[in-house]
J.: 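Here's a structure for you.
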Amino acid sequence: MNIKDLDDDVARRLKEQAAAAGLSVQQYLRNELTRIASRRSPAEFASGREPMTRAEFLAIRRRLRSADDT
């Protein structure tokens, strides 16, 4: 996944947040995107779609942590 045309101030802020968490920007963004994906978006909420289960979320988080350890 690539993010194009990211505002410089946004990129700087993400770097600051990652550093504060003791993570690389890539690790920080993976964690944040996983957290976001685990919730229903407003459109999904309106349509009644269910978010991923807690078990699905934890399985993804385990895979990410395992990948970070390598």
J.: Taking all heavy atoms of Ser24 and all of Ala18, pick out the closest pair and write down the distance.
T.: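 Closest approach of Ser24 to Ala18, heavy atoms only: O-CB, 3.8 Å.
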J.: So, does Ser66 use its side chain to make a donor-acceptor pair with the main chain of Arg62 at under 3.5 Å?
T.: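 Checked: no pair found.
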J.: Does any part of the side chain of Gln17, heavy atoms only, come nearer than 4.5 Å to the side chain of Leu14, both counted from C-beta?
T.: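 The answer is yes, as the side chains (C-beta and beyond) meet within the 4.5 Å cut-off.
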J.: For the residue pair Glu32 and Arg35, establish whether any side-chain heavy-atom pair is separated by less than 4.5 Å.
T.: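 SC-SC contact between Glu32 and Arg35 confirmed.
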J.: Going by salt bridge (charged side-chain N to carboxylate O under 4.0 Å, His left out), name the residues that satisfy it together with Arg13, two or more places apart in sequence or in a different chain.
T.: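 So Arg13 forms a salt bridge (charged side-chain N to carboxylate O under 4.0 Å, His left out) with Glu16.
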J.: Which pairs of donor and acceptor atoms, one on a side chain in residues 4-11, lie under 3.5 Å apart (sequence neighbours left out)?
T.:
residue : atom : partner : partner atom : Å
Asp7    : OD2  : Asp9    : N            : 2.9

J.: In Å and rounded to the nearest 0.5 Å, what is the CZ to CZ distance from Arg61 to Arg54?
T.: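 Answer for the CZ-CZ pair, Arg61 versus Arg54, is 6.0 Å.
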J.: Could you state whether Ile3 and Tyr28 fall into the same hydrophobic cluster, counting links through intermediate Ile, Leu, Val, Met, Phe, Trp or Tyr residues with side-chain heavy atoms under 4.5 angstrom apart?
T.: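 Same hydrophobic cluster.
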J.: Any link between Leu64 and Phe57 through a network of hydrophobic side chains (Ile, Leu, Val, Met, Phe, Trp, Tyr) touching at under 4.5 Å?
T.: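 Cluster IDs for Leu64 and Phe57 match.
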